[in-house]
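A short write-up of the structure that comes next.
The basis for the numbers below is simple: all heavy atoms, side chains too, and nothing from hydrogens, waters or symmetry mates. For clarity, every value in this text was computed on a predicted model and none was experimentally measured.
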Amino acid sequence: VQLQAFGGGLVQAGGSLRLSCAASGGTFSRYIMGWFRQAPGKEREFVAAMSRSGGSTYYTDSVKGRFTISRDNAKNTGYLQMNSLKPEDTAVYYCVAGGTLANVFTSEYDYWGQGTQVTVSS
């Protein structure tokens with residue numbers, strides 16, 4: 001499966017962005033999908049994930065209530081709606097697919113996209 005993330009950009013604090021993750025070369029609905037991010041000088045961290053059917057979602061505490069993950073299996077696309085953005089959300093965001101629900105918060109995903117830059121100015 002190939003993943004391509006897009007939708008990043010520069011936004012002021014308090015603003016919103018929606019990231020998209022387009023999947024190709026496989027059956028997207030077979031995979032858990034999610035998002036990770038990595039800020040300069042920091043380790044990569046889990047942001048959000050969604051089960052295959054979309055019935056279960058998982059978020060890191062710092063984005064709960066602000067970010068919403070979703071997917072459209074018919075379009076082979078996943079999304080991350082980011083509201084009330086903060087400067088500390090600045091990072092390269094990666095979409096991922098694969099993995100298991102037992103390890104949804106870890107980086108044990110089979111497929112990674114190339115990343116899209118999100119910059120939040122104060």
Side-chain angles (χ1 to χ4, degrees):
V1 174
Q2 292 79 48
L3 303 174
Q4 183 176 3
F6 53 95
L10 173 64
V11 64
Q12 289 187 329
S16 299
L17 282 174
R18 187 173 85 153
L19 304 183
S20 299
C21 177
S24 61
T27 304
F28 185 59
S29 61
R30 294 179 58 188
Y31 304 104
I32 296 165
M33 62 87 57
W35 295 88
F36 280 72
R37 66 186 179 186
Q38 187 165 22
K42 295 187 177 181
E43 293 187 354
R44 185 171 56 196
E45 66 169 345
F46 170 83
V47 177
M50 175 171 270
S51 61
R52 296 171 183 83
S53 65
S56 298
T57 56
Y58 310 84
Y59 297 94
T60 191
D61 287 345
S62 63
V63 308
K64 286 180 180 177
R66 300 188 298 122
F67 291 12
T68 302
I69 190 172
S70 62
R71 66 191 297 166
D72 185 337
N73 287 336
K75 295 182 178 180
N76 289 336
T77 303
Y79 306 95
L80 185 67
Q81 177 67 43
M82 306 185 294
N83 298 328
S84 301
L85 282 160
K86 304 175 181 180
E88 51 263 44
D89 295 317
T90 295
V92 177
Y93 283 70
Y94 300 90
C95 63
V96 298
T100 66
L101 291 179
N103 297 309
V104 69
F105 297 105
T106 74
S107 59
E108 295 180 17
Y109 287 82
D110 302 291
Y111 307 103
W112 291 72
Q114 85 288 0
T116 185
Q117 176 71 47
V118 172
T119 302
V120 185
S121 63
S122 58

*Any pair with a residue in residues 1-12 that passes side-chain hydrogen bond (donor to acceptor under 3.5 Å, both in side chains), sequence neighbours left out, goes on the list, sorted by first then second residue, please.*
none

*Can you run down the side-chain hydrogen bond (donor to acceptor under 3.5 Å, both in side chains) pairs that involve residues 111-122, sequence neighbours left out, and say none if there aren't any?*
Gln117-Thr119

Cluster link [X] to [Y], ILVMFWY, side chain under 4.5 Å:
{"X": "Leu85", "Y": "Val92", "value": "no"}
{"X": "Tyr94", "Y": "Met33", "value": "no"}
{"X": "Phe46", "Y": "Tyr31", "value": "no"}
{"X": "Val118", "Y": "Tyr79", "value": "no"}
{"X": "Leu19", "Y": "Val47", "value": "yes"}

Sequence neighbours excluded - disulfide (SG to SG under 2.5 Å) pairs with any residue from [range]:
{"range": "residues 23-52", "value": "none"}
{"range": "residues 47-89", "value": "none"}
{"range": "residues 30-122", "value": "Cys21-Cys95"}

If you measure from [atom1] on [X] to [atom2] on [Y], what distance do you get to the nearest 0.5 Å?
{"X": "Tyr93", "Y": "Trp35", "atom1": "OH", "atom2": "CH2", "result": "10.5 Å"}
{"X": "Ile32", "Y": "Ser53", "atom1": "CD1", "atom2": "OG", "result": "10.0 Å"}
{"X": "Asn76", "Y": "Ser29", "atom1": "CG", "atom2": "OG", "result": "7.5 Å"}

*For Ala13, which residues count as a side-chain contact (heavy atoms from CB on, under 4.5 Å) partner, sequence neighbours excluded?*
Pro87, Val120

_Taking salt bridge (charged side-chain N to carboxylate O under 4.0 Å, His left out) as the definition, give me every residue that meets it alongside Glu88, ordered by chain and number, with sequence neighbours left out._
none

*What pairs with Tyr109 under ring-ring contact (aromatic ring centres under 6.0 Å, His included), at least two apart in sequence or on another chain?*
Phe36

*Counterpart residues, ring-ring contact (aromatic ring centres under 6.0 Å, His included), relative to Phe6 (two or more places apart)*: none

Hey, does the side chain of [X] reach the backbone of [Y] with a donor-acceptor pair shorter than 3.5 angstrom?
{"X": "Arg18", "Y": "Gln81", "answer": "no"}
{"X": "Asn73", "Y": "Arg52", "answer": "yes"}
{"X": "Arg71", "Y": "Ser51", "answer": "yes"}

_Can you confirm whether Phe28 sits close enough to Thr77 that some side-chain heavy atom of one is under 4.5 Å from a side-chain heavy atom of the other?_
no

[X] and [Y]: which non-hydrogen atoms are nearest, and at how many Å?
{"X": "Ala97", "Y": "Leu3", "result": "N-CD1, 3.7 Å"}
{"X": "Val104", "Y": "Ala49", "result": "CG2-CB, 3.3 Å"}
{"X": "Thr90", "Y": "Ala39", "result": "O-CB, 3.5 Å"}

Sequence neighbours excluded and cut-off under 3.5 Å, please list the side-chain donor-acceptor pairs for residues 58-67, or say none.
unit_1: Tyr59; atom_1: OH; unit_2: Ile69; atom_2: N; d: 2.9
unit_1: Asp61; atom_1: OD1; unit_2: Lys64; atom_2: NZ; d: 3.0
unit_1: Ser62; atom_1: OG; unit_2: Arg37; atom_2: NH2; d: 3.4
unit_1: Arg66; atom_1: NE; unit_2: Ser62; atom_2: O; d: 3.4
unit_1: Arg66; atom_1: NH1; unit_2: Ser84; atom_2: O; d: 2.9
unit_1: Arg66; atom_1: NH1; unit_2: Asp89; atom_2: OD2; d: 2.7
unit_1: Arg66; atom_1: NH2; unit_2: Ser62; atom_2: O; d: 2.9
unit_1: Arg66; atom_1: NH2; unit_2: Asp89; atom_2: OD1; d: 3.0
unit_1: Arg66; atom_1: NH2; unit_2: Asp89; atom_2: OD2; d: 3.4

*Pairing residues for Ser16 by the side-chain hydrogen bond (donor to acceptor under 3.5 Å, both in side chains) criterion, not counting sequence neighbours*: Asn83

*For Thr68, which residues count as a side-chain hydrogen bond (donor to acceptor under 3.5 Å, both in side chains) partner, sequence neighbours excluded?*
none

